[in-house]
Every structure is written in C-alpha cells, then in structure tokens.
There are 2 protein chains.
Amino acid sequence: MATGRTHRPATRSRGIPEATVARLPLYLRALTALSERSVPTVSSEELAAAAGVNSAKLRKDFSYLGSYGTRGVGYDVEYLVYQISRELGLTQDWPVVIVGIGNLGAALANYGGFASRGFRVAALIDADPAMAGKPVAGIPVQHTDDLEKIIKDNGVSIGVIATPAGAAQQVCDRLVAAGVTSILNFAPTVLSVPDGVDVRKVDLSIELQILAFHEQRKAGEETAAGDGALPAAAPRGAAAADSSADQGPDGDVPAVMPA
Amino acid sequence: MATGRTHRPATRSRGIPEATVARLPLYLRALTALSERSVPTVSSEELAAAAGVNSAKLRKDFSYLGSYGTRGVGYDVEYLVYQISRELGLTQDWPVVIVGIGNLGAALANYGGFASRGFRVAALIDADPAMAGKPVAGIPVQHTDDLEKIIKDNGVSIGVIATPAGAAQQVCDRLVAAGVTSILNFAPTVLSVPDGVDVRKVDLSIELQILAFHEQRKAGEETAAGDGALPAAAPRGAAAADSSADQGPDGDVPAVMPA
DNA sequence: CCATCTTTGTGCACGCGTTCACAAAGACAT
DNA sequence: ATGTCTTTGTGAACGCGTGCACAAAGATGG
C-alpha cells in the first residue's frame, strides 16, 4: 500500500481492528455508488465484489460495527452508509489545512474528494511570500507566519504536509504545537511526533520501488518455471481518458523532493 | 499507509516477505542520506531510528537479503545501498508512463523522486486534445490514441493512472493489453486486472478518513478514561475561514474524483 | 404453521509479521 | 593469544489478520 501508519503499536479503538478501519472507506465508497443508483439492499457477496475484498472478511468487518444486516436479505444500503460514516467520524465537519502549495499541494487543494466527506479545506499555507493572497482552488494562499493563528482560529486538527522533505519536520512541529493531532504526510521523510499524534504517510517513490521489485521478479521468473498466468488481456474498448486542463503554476517549490 | 496492495494473496518472491519489501525503500532512503554525509558504517540501532522502525525488525529484514553486516561494527553503508538497490531492481532503467495529466498528473510529472531511482518518465498521456503537444515538466503531452504505440515503443512495464475515477478502468485495460504489468493507481476505484499484473493504490480520501476515525476516537476518549496523553482539544466549531471559498468549479474534472 | 432457501454472523484454524532475548561472531585492547 | 565489548543474526513465542465452513436467523412460499 502506498500508505503506512506510523506509531501507535497495536492500539485498538473500541475493538475495531486497524485493518478493518482501513477498509471501511472502501466499503463506504462502494455503498455510496450503490446509493446513487438507488439500490436498496446489497448482499455481502455483491458488496465485497464491488470493494474488491473477500465476502467473509467484509462480514467480519461489519460484525465489529454491530449486526446491521438481515439474514436472507443483506444490508440496507442507506443505513450502512450512515453507520459507517458515523463510525469514521464523517458526520461532522473536519477543517483541514494544506501546507506547501506546490504542484502537489495545488492538486490536493483541487481534490474533489474533500468536500464530499466531511472534510473542508480551511486554509492553504505556503512559505513563499510571492504565493500569499494568490488563490488556488478558490482559496487564497496564506503565509507560513500565520500558521499558528490559522490553526487555532479554525479549530483545525488535521494537517496535510506537501512541502519539500527538508521543511516537513519543521512544519510538522509547528502544526503539532498549534494543536494538530493528525497529519497526512506527503513529504518523503520520517516525521517524529509526540504520543497522541497520528501520522499517515503517502510516498510515491516507495510505491514505485515496490512495483519495480515485483516487476523485476516477474522478469526473472519468466526464464524459470512457466506459471502461464499471463493471458493476453482483452482490450475493453477504445476509451478516452479525459483529464482536467489547467494545472497549478509551475516553477514553484516541488511538491515532493527526491527520495 | 496510504496505499494498499491489491490481489496477490500471499505470494512471496524468493522468501522475502512482502512487509519487508515495503520497508526496503525506507531503509534505502535513510542509507542514501548517510551516504551523502559520507558515513562509512551504521549500526542497526542507528539506521532503525532513522527509518523509524524497530531495530530487531530491521535486522530481520536484512537477514532475508543475506548477511551483509559485521558483528561488533554494523553495516557498510555503500555496500548496503547497492544490495538493496539491486534487490529492488533499481539498478536498471524503468520507463514509466503517466496517464491523466490533470493537477495530480502534472504534480507527478514534476516529481523529483523519479529520476533519482531508476525511474524515467517516458511519456505523459492525456485524453484532452487541447493538451497534446503542451509540455509538462519538459515533456510534451501525447494523446490517448497513441497509448499502445507509446507503451510498445518505449518498452514500458509500469504505468501510473491519474485520471478521474470514471476513466481509470478503461485506461487500465488498455495499459495491460499493451503490455504494462505494474500499475500505480491514484484514481479512487477498484481496478480489476488479470493475474500477473500488480496494482498498488494511493488514495488520499481513504487516508483522510482513517485519520478522521482516530481523531474522533481521541475526542471521544478525552471525556472518558483520562489517558493523560490528550491535551485539551481545541474547539472546532469556530468561524469558517473564508466564505467565498467555493470549491473548484465542478465542470473542471478534478485530478481525482470524490470517493 | 411448517418447510425451504438465502444470507448473515462467527468459531476456529492457519499463516504472516513483530518482538524479545540471546548465542555467535567479530573488533579491539592489553 | 586471550579477554572483553559491541553488534549482528535468529530461534521462539505471541498477536493480528484472513479465510473456511457452518450454525443461526430470518425471509418466502405453500
């Protein structure tokens, strides 16, 4: 996975395993899609297929939340959406700040997935004075000097770090000192934080390296035993991948530094 | 972690556990930093601290690669850098294509971590004809129509998908059909691929939701048992930053779709 | 009301990953 | 050469996560 939890050795919330928590958003996404199609109920088998997991695992995951299913029928989609949302804390508003408005920071600011689940981008912060006041995704960028005030005024408890690696720890320290207790770190650095602060890491470079490892292994195996597992995949259709046009301003601080 | 592996139930390469493979890039980064500071050797304790892991775990991880340490001394930094690089397949050139040059795709194209490890951005691909020829990060964007030819001409085996969710599966199918066997997926969708193809997923929305879960738990605990670790949480309801902060225009396709 | 059928919820076993704790190995000083 | 000291490499125990397989529960039809 592209992400990895940091710290918190084996802390379990109220009996909900960490692995289950990590899958809840997946289920929630699949359920939301069903909800939009006005599907009333769904079986564990169907939902598991949509989420790409084993159906037994899904049932066990749900069993940690309670008995929300009906035997012989399945799960009520709307009800389950609500229960999972509540469990994940998405029924409340989570103001988020993004620090480091480079390419990646701008991409995150434009990310549509924020608003759709209780997250609200409360502020964009960058160390470059030239960026100050400049709107990104409709939100004016503020200077790092005001970081503490911004955090406190908005009651922010979740911070996103998209600065270069060299600045990440400093920014992290300031965020934590100002009251942030959850951090999503895109900078390729190991952040050290006090107990009680959660850090999750997203690291593109690591993901690619893991892929390269498996790729190399595949290339090596191809000489040895023929597993024959590689059928020529059928093209599903001449598709068009549309993309958004405008990209963030270039020439700024790179979103992420080399590993 | 922000990422999660897909498929591949318990496939182990040559005895190297998957969890270990996922940590090798972490060690490699720490070692590279040491190498740049001309540190000749490092103990498992020091390196573990730098990588943010347990020293016993680190030693066990290295033991899967072989006995590269010297008892009483530690590990030779340069030698270990080489061994890990070789194990991860980073001593060879990996041409990579990025499909979907929106905000996120552009950020990835500008990502410095590519070139520094055997990865080379061979091409940028987008479905928007208006993007064609336009240089991003010094590389001209090419149209989706030429996807298959680009893959084959460059011998690409690793593809990065940064398209909207709706286009991801189609793009994935075309990439796989053209010969790509490893995919890094940034679109919030479960991709289905044939056996033999590795998919890794990076999903910002999921990461935030997991953080929200823990954040909510922390807020809830503060009332109950005094763990002592939680300083008084800041009020969250305070005034919103800017009212005019409308999220990005929805007509503009976001780099990643809402979950 | 009873039989049947579907689907949930979970007890259980297994395997992976983590951590402890220590013996073996080598460096270094005398 | 011998003893001491440091640090590796790993055997073993433990805990978490996964998946099977099935009993319990409820819907549905007669």
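So you know, we letter chains A, B, ... as the sequences are listed, proteins then strands, and number each from 1.
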Is it true that, when you exclude B:Gln92 itself, more than 12 heavy atoms of the residues, nucleotides or ligands shown sit nearer than 6.0 Å to its CD?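 Yes - once you tally the heavy atoms of other residues, nucleotides and ligands closer than 6.0 Å, there are more than 12.
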For B:Trp94 and B:Gly89, indicate whether the former's side chain and the latter's backbone hold a donor-acceptor pair under 3.5 Å.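 Yes: the side chain of B:Trp94 pairs with the backbone of B:Gly89.
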What about B:Arg71: does its side chain form a donor-acceptor pair under 3.5 Å with the base of D:dT8?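 When only heavy-atom distances are counted, B:Arg71 does reach the base of D:dT8 through a donor-acceptor pair under 3.5 Å.
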Could you tell me whether the side chain of A:Lys60 has a donor or acceptor atom within less than 3.5 Å of a complementary atom in the base of D:dT18?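 Not at all, since no donor on one side and acceptor on the other fall under 3.5 Å apart.
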Rounded to whole Å, how long is the line connecting atom [atom1] of [X] with atom [atom2] of [N]?
{"X": "A:Leu47", "N": "C:dT8", "atom1": "CG", "atom2": "C1'", "value": "13 Å"}
{"X": "A:Glu46", "N": "C:dT8", "atom1": "CD", "atom2": "P", "value": "9 Å"}
{"X": "A:Asp61", "N": "C:dT8", "atom1": "CG", "atom2": "P", "value": "14 Å"}
{"X": "A:Asp76", "N": "D:dG26", "atom1": "CG", "atom2": "P", "value": "16 Å"}
{"X": "B:Lys57", "N": "C:dC20", "atom1": "NZ", "atom2": "C1'", "value": "13 Å"}

So which nucleotide from [options] ends up closest to the side chain of [X]?
{"X": "B:Ser67", "options": "D:dG11, D:dG9, C:dG9", "answer": "D:dG9"}
{"X": "B:Arg23", "options": "D:dG17, C:dT18, D:dG9", "answer": "C:dT18"}
{"X": "B:Ser43", "options": "C:dT8, C:dG17, D:dT7", "answer": "D:dT7"}
{"X": "A:Glu18", "options": "D:dT8, D:dG17, C:dA27", "answer": "D:dG17"}
{"X": "A:Arg59", "options": "C:dG9, C:dT19, D:dT8", "answer": "C:dG9"}

Using a cut-off of strictly less than 4.0 Å, decide whether [X] has a side-chain nitrogen or oxygen near OP1 or OP2 of [N].
{"X": "B:Ser44", "N": "D:dT8", "answer": "yes"}
{"X": "B:Asn54", "N": "C:dC20", "answer": "yes"}
{"X": "B:Tyr64", "N": "C:dC16", "answer": "no"}
{"X": "B:Tyr75", "N": "D:dG9", "answer": "yes"}

Can you tell if the side chain of B:Tyr27 reaches within under 4.5 Å of the side chain of B:Leu24, non-hydrogen atoms only?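 Yes, side chains in contact.
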With heavy atoms under 4.0 Å as the rule, sort A:Phe62 into base, sugar-phosphate or nothing.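 The residue A:Phe62 makes no contact with any strand.
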Only one of A:Val53, A:Val42, A:Thr41 clears side chain to side chain contact (heavy atoms under 4.5 Å, CB included) with A:Leu47; which?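 With A:Leu47 as partner, side chain to side chain contact (heavy atoms under 4.5 Å, CB included) holds for just one option, A:Val42.
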Could you tell me which non-hydrogen atom of B:Leu28 sits nearest to which non-hydrogen atom of B:Ser85, and how far apart they are?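 Heavy atoms of B:Leu28 and B:Ser85 come nearest at CD1-OG, 3.7 Å.
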